[in-house]
Amino acid sequence: MPAELPVPEARSLHFIEEIVEADRVLGKHGGRVLTRFPPEPNGYLHIGHAKSICLNFGLANTYGGATNLRFDDTNPVKEDVEYVDSIREDVHWLGFQWKGEHYASDYFPFMYDYAEHLIQQGKAYVCDLTEAEIREYRGNFHTPGKPSPYRERSPEENLELFRRMKAGEFPDGSRVLRAKIDMQSGNMNLRDPLMYRIRRAHHHRTGDTWCIYPMYDYAHGVSDALETITHSICTLEFEDHRPLYDWFLEQDGEGKFFQRPLPRQIEFARLNLTYTVMSKRRLLQLVQDGIVRGWDDPRMPTLCGLRRRGYTPESIRAFAEKVGVAKRDMVADAGLLEFCIREDLEKRAPRRMAVLRPLKVVITNMTEGEAFEVEVPNHPEDASMGTRRLSFTRDLFIDQDDFREVAPRKWFRLAPGAEVRLRGACLVTCREVVKDPAGNVVELRCEWDPASRGGNAPDGRKVKGTLHWVSATHAVRAEVRLYEPLFTQEDPMGVPEGQDWKALLNPGSLETLTEAWIEPSLASAQAGERFQFERTGYFCVDADSRAGAPVFNRTVGLKDSWSKIEAKGC
RNA sequence: UGGGGAGUAGCCAAGUGGUAAGGCAGCAGGUUUUGAUCCUGCGUACCGAGGGUUCGAAUCCUUCCUCCCCAACCA
């Protein structure tokens, strides 16, 4: 029937797409595809979630389906609306529109009814064991569990007890509802897992309506089935929960509760990134310990952090596409993420000039106050981005990195006696180096070639080096924040036993430059605007910017082959 | 020592019995008023290891090894 299956462009299918296509060929779900992204609103989304979001929405997109956003809010003590809002914002920012917005808590009444059904079928029972006793009765990997003494209570008694649990007649933690499955199972999840616990906590949506709350394993599959999700995608650690996922839904023998076919859980490998941590617990620690400034610190792998850093949604989607989908535990190279943002910004970021660490240059054959204008393209390969005019004056700033008193081999930049091009302006030759009493180079006195206006000498002589510059009389001072990885080791979690993972923190992950000079047009840039500062990298205006006090974040540097050459040559 | 997964180049990842795609990284060139971009070329990957089946195996069988997950009233 499905004559033509849409195939993702120029790429082989990953295993989940193959499953979806096989289902479509069989006509399962009538060819329908409905996925869901089910975050628990207890933290901020990070790049790992982005992989899952792209997978779920991407699948729906390529097969003409849809994706629901569902908040998995079954544990009121951990969850909060603050997170609901940030999650909605982040998913939208990534570029996705969900079909239904749901909350597991919306299904609490239904879940309660279905639980009664399980009780009536003799598939669930109220257990009075304490938390410690339950753990003890459950056994461990080596010894099978033993049945709870309450396991054989009659459906009538269970029903009455469960109703009284719901009615608030018992104290928190005094009883639970358990599924009656198999205490001998090698799969610990099947040793009569908990379905409900008593917990008098205020829920961000249901308030104080309930004092019993369902557990993940019970709530998740039921929620999926209610929404008629076709493919329920989750990460590898839920693999051995799948029999439980299926079990709960299959107890609806006559099909009174759920539409068939039932959803299918499929697991894939979560994303890990080198030089960072991804778990909510770790990220929270970084925030709480003040190691970063907050969840949106540009060094954080959170979506709000990446956004503030200057990453585009497109680059993150491209990254998710490039890392692939499979079942092997994987650690993606942080360099791939950098590649993705450079690839995107290379095309769309207007070029500007900014001097990060200023070194004063005086053009000796110009007079103070003398100036001429030059027209500089905003993108070397995209004329549609236009040009801008810059004033060239006697006093300039160039970057300290672009001058060496003794030039190493293959040095194309400025050095005593050397000639370089100042981008878009002219050729200059360094005639004199001025030092302070301590011997630091504080000023360069250069001579410009008036015949080279625009950047080329009429005699055709070749000048290898081109430097960015800024007019000292027109430039605006700015703060620039440079970022390096948060950790010094690829796998911060791979610390030796007993050692603190925080010992691997990179003390130089943030460097703040307070005396950068930017070309005037940059002073009015709005927070979030992105530029390429020629020769130094891609930058984004930070939200901390104020009128007259712009702040830029370096999203990522440009590839730097000179540093490699120098490293090899010396 | 129980259950569930996974092992293909530094990092990802195709491949589903016919003789190892692609991307990132790296290396070497070329172009270039960003040492950027762009373009070109470059990897015997003993396909975790050993046996076996087969004319032929990364793909099938078998034994073994390694790594990851599971013993929250977390998700």
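Hydrogens, waters and symmetry mates are skipped; everything else that's a heavy atom, side chains included, is used. The chains referred to below are lettered A, B, ... by the order of the sequence lines, with proteins before strands, and numbering in each begins at 1.
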Which class fits the ring pair [X] and [Y]: parallel under 30°, tilted 30 to 60°, perpendicular over 60°?
| X | Y | answer |
| --- | --- | --- |
| A/Tyr44 | A/Tyr83 | perpendicular |
| A/Phe487 | A/Trp501 | tilted |
| A/His46 | A/His49 | tilted |
| A/Phe108 | A/His203 | perpendicular |
| A/Tyr216 | A/His241 | perpendicular |
| A/Phe539 | A/Phe533 | parallel |

In whole angstrom, give the distance that lies between atom [atom1] of [X] and atom [atom2] of [N].
| X | N | atom1 | atom2 | answer |
| --- | --- | --- | --- | --- |
| A/Asn189 | B/C74 | CG | P | 14 Å |
| A/Arg404 | B/G35 | CZ | P | 14 Å |
| A/Leu244 | B/G4 | CG | P | 15 Å |
| A/Asn272 | B/C24 | CG | P | 22 Å |
| A/Arg242 | B/G3 | CZ | P | 17 Å |
| A/Asp73 | B/C74 | CG | P | 15 Å |
| A/His379 | B/U32 | NE2 | C1' | 13 Å |
| A/Tyr44 | B/A75 | OH | P | 21 Å |

Salt bridge (charged side-chain N to carboxylate O under 4.0 Å, His left out) partners for A/Glu40, two or more places apart:
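A/Glu40: no salt bridge (charged side-chain N to carboxylate O under 4.0 Å, His left out) contacts found.
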
Answer with yes or no whether A/Asn187 presents, from its side chain, a donor or acceptor under 3.5 Å of a partner atom in the base of B/G4.
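Check fails, no donor-acceptor contact within cut-off.
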
State whether the distance check finds a donor on one side and an acceptor on the other, under 3.5 Å, for side chain A/Arg11 versus base B/G22.
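Answer no: no donor N or O sits under 3.5 Å from an acceptor.
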
Closer than 3.5 angstrom, by distance alone: can the side chain of A/Asp128 be matched with the main-chain N or O of A/Arg175 as a donor-acceptor pair?
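A pair under 3.5 Å: no.
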
Give [X] one of three labels, base, sugar-phosphate or nothing, depending on what nucleic acid heavy atoms sit under 4.0 Å from its own.
| X | answer |
| --- | --- |
| A/Glu239 | sugar-phosphate |
| A/Met215 | sugar-phosphate |
| A/His220 | nothing |
| A/Thr130 | base |
| A/Lys410 | base |
| A/Ile212 | nothing |
| A/Phe238 | base |

Return yes if a side-chain donor-acceptor contact under 3.5 Å exists between A/Asn68 and A/Glu227, otherwise no.
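Yes, side-chain donor-acceptor contact under 3.5 Å.
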
Does a donor on one side chain sit under 3.5 Å from an acceptor on the other, for A/Glu338 and A/Tyr538?
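No pair is found: no donor N or O on one side chain lies under 3.5 Å from an acceptor on the other.
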
Could you tell me which residues satisfy ring pair (Phe, Tyr, Trp, His ring centres under 6.0 Å) with A/Phe141, sequence neighbours excluded, listed by chain and number?
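Per chain and number, A/Phe141 pairs via ring pair (Phe, Tyr, Trp, His ring centres under 6.0 Å) with no residue.
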
Can you list the stems that include RNA chain B, where a stem is three or more consecutive Watson-Crick or G-U pairs with distances under 3.5 Å?
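RNA chain B forms these stems: B:2-7 with B:65-70, B:10-12 with B:22-24, B:26-30 with B:38-42, B:48-52 with B:60-64.
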
May I ask whether [X] stacks on the base of [N], given the cut-offs of 5.5 Å between ring centres and 30° between planes?
| X | N | result |
| --- | --- | --- |
| A/Tyr216 | B/A75 | no |
| A/Phe339 | B/C24 | no |
| A/His468 | B/U34 | no |

Grab the N/O contacts between the protein and nucleotides 36-38 of chain B below 3.5 Å, and write none if there aren't any.
| from | atom 1 | to | atom 2 | distance (Å) |
| --- | --- | --- | --- | --- |
| B/A36 | OP1 | A/Ser561 | OG | 2.8 |
| B/U37 | O2' | A/Glu346 | OE2 | 2.8 |
| B/U37 | O2 | A/Glu381 | OE2 | 2.5 |

With rounding to the closest Å, how many angstrom separate the [atom1] atoms on [N] and [M]?
| N | M | atom1 | value |
| --- | --- | --- | --- |
| B/G48 | B/C68 | C1' | 15 Å |
| B/C69 | B/C64 | P | 23 Å |
| B/G35 | B/G30 | C1' | 14 Å |

A/Lys464 vs B/U34: side-chain N/O to OP1/OP2 distance below 4.0 Å:
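Negative; the distance criterion is not met.
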
Side-chain N or O of A/Arg535 closer than 4.0 Å to phosphate OP1/OP2 of B/G35:
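Yes, because at least one side-chain N or O of A/Arg535 sits under 4.0 Å from OP1 or OP2 of B/G35.
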
Could you check A/Tyr196 against A/Trp411 and say which one's nearest nucleotide on RNA chain B is further toward the 5' end?
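Comparing both residues, the 5'-ward one is A/Trp411.
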
Show me the protein contacts with nucleotides 10-14 of chain B, counting only N or O atoms at under 3.5 Å.
| from | atom 1 | to | atom 2 | distance (Å) |
| --- | --- | --- | --- | --- |
| B/C11 | O3' | A/Val331 | O | 3.1 |
| B/C11 | O2' | A/Val331 | O | 2.8 |
| B/C11 | O2' | A/Asp333 | N | 3.4 |
| B/C12 | OP1 | A/Val331 | N | 2.9 |
| B/C12 | OP1 | A/Val331 | O | 3.4 |
| B/C12 | O5' | A/Val331 | O | 3.3 |
| B/C12 | O2' | A/Val323 | O | 2.5 |
| B/A14 | O2' | A/Ser12 | OG | 3.1 |

Side chains of A/Met165 and A/Phe162, heavy atoms from C-beta outward: is any pair under 4.5 Å?
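Yes, at least one pair of side-chain atoms sits under 4.5 Å.
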
For residues 322-358 of chain A, which residue pairs pass the ring-ring contact (aromatic ring centres under 6.0 Å, His included) check, not counting sequence neighbours?
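Matches after skipping sequence neighbours: none remain.
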
